[in-house]
Amino acid sequence: QVQLVESGGGLVQAGGSLRLPCAASGLTFSNYVMGWFRQAPGKEREFVARITQRGTVTSYADSVKGRFTISRDNPKNTVYLHLNSLKPEDTAVYYCATKKFGSRSDTQTDYEFWGQGTQVTVSS
């Protein structure tokens, strides 16, 4: 009964910011590397960011590096994605997910449990 619930999406102008929380339940949250992906219409789901169990190491896709920040609050069982300096090409459904134990890459198949997604739309 693992459940991941993203929220915080919406419509913003280019250059604006959003914060997306993902609340997890049904798992020992602090045991998991957490990631964020996004999927635009007609496109493949792509990796955005990940964060290690204690939040000490983060990794980002080149397309968002320097603009987005992933963080986590383990007592709240929540991982966040802070989106800054948004561009129209950031428009997508954003998903959080748990990374599979031992997976060494950041493809969609390296992650196991997924949230329902939250829509981010950036207008020009």
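- One distance of note links CZ of Arg67 with NZ of Lys87; it measures 4.5 Å at 0.5 Å rounding.
- Screening residues 46-68 for ring pair (Phe, Tyr, Trp, His ring centres under 6.0 Å), with sequence neighbours left out, gives Phe37-Phe47.
- Listed by first and then second residue, the disulfide (SG to SG under 2.5 Å) pairs that reach into residues 40-81 come to none, sequence neighbours excluded.
- Not counting sequence neighbours, the partners of Asn74 by the side chain to side chain donor-acceptor pair (under 3.5 Å) test are Arg72.
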Expected list for residues 7-17: side-chain donor-acceptor pairs under 3.5 angstrom, two or more places apart:
{"unit_1": "Ser17", "atom_1": "OG", "unit_2": "Asn84", "atom_2": "OD1", "d": "3.1"}

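- Residues in residues 61-95 take part in no disulfide (SG to SG under 2.5 Å) pair, two or more places apart or across chains.
- Qualifying side chain to side chain donor-acceptor pair (under 3.5 Å) partners for Thr121, counting only residues two or more places apart in sequence or in other chains: Gln119.
- Taking Asp110 as the reference, Thr107 meet the side chain to side chain donor-acceptor pair (under 3.5 Å) condition, with sequence neighbours excluded.
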Which is it for Val120 and Thr91 under the side chain to side chain contact (heavy atoms under 4.5 Å, CB included) test, yes or no, and what are the steps along the way?
-> CA-CA 5 Å; Val120 171; Thr91 294; 5.9 Å; no
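- Lys65 is linked by a side chain to side chain donor-acceptor pair (under 3.5 Å) to Asp62, counting only residues two or more places apart in sequence or in another chain.
- Distance check, rounded to the nearest 0.5 Å: NE2 of His82 to CZ of Arg19 gives 6.0 Å.
- Closest approach of Phe29 to Asp73, counting heavy atoms only: CE2-O, 4.3 Å.
- Residue pairs meeting the disulfide (SG to SG under 2.5 Å) criterion with at least one member in residues 26-95, sequence neighbours excluded, do not occur.
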Would you list the atom pairs, donor with acceptor, under 3.5 Å between side chains in residues 94-102 and any protein atom, with sequence neighbours excluded?
{"unit_1": "Tyr94", "atom_1": "OH", "unit_2": "Arg38", "atom_2": "NH1", "d": "3.0"}
{"unit_1": "Tyr94", "atom_1": "OH", "unit_2": "Asp90", "atom_2": "O", "d": "2.6"}
{"unit_1": "Thr98", "atom_1": "OG1", "unit_2": "Phe113", "atom_2": "N", "d": "3.2"}
{"unit_1": "Lys99", "atom_1": "NZ", "unit_2": "Ser105", "atom_2": "O", "d": "2.2"}
{"unit_1": "Lys99", "atom_1": "NZ", "unit_2": "Asp106", "atom_2": "OD1", "d": "3.3"}
{"unit_1": "Lys100", "atom_1": "NZ", "unit_2": "Thr109", "atom_2": "O", "d": "2.8"}

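- Hydrophobic clustering, with ILVMFWY side chains joined whenever heavy atoms are under 4.5 angstrom apart, groups Tyr111 together with Val93.
- Clustering of Ile, Leu, Val, Met, Phe, Trp and Tyr by side-chain heavy atoms under 4.5 Å joins Val33 with none of the others.
- With sequence neighbours excluded, the residues that form a side chain to side chain contact (heavy atoms under 4.5 Å, CB included) with Thr28 are Ser30, Asn31.
- Taking CG from Leu18 and CG from Leu81, the interatomic distance works out to 9.5 Å, rounded to the nearest 0.5 Å.
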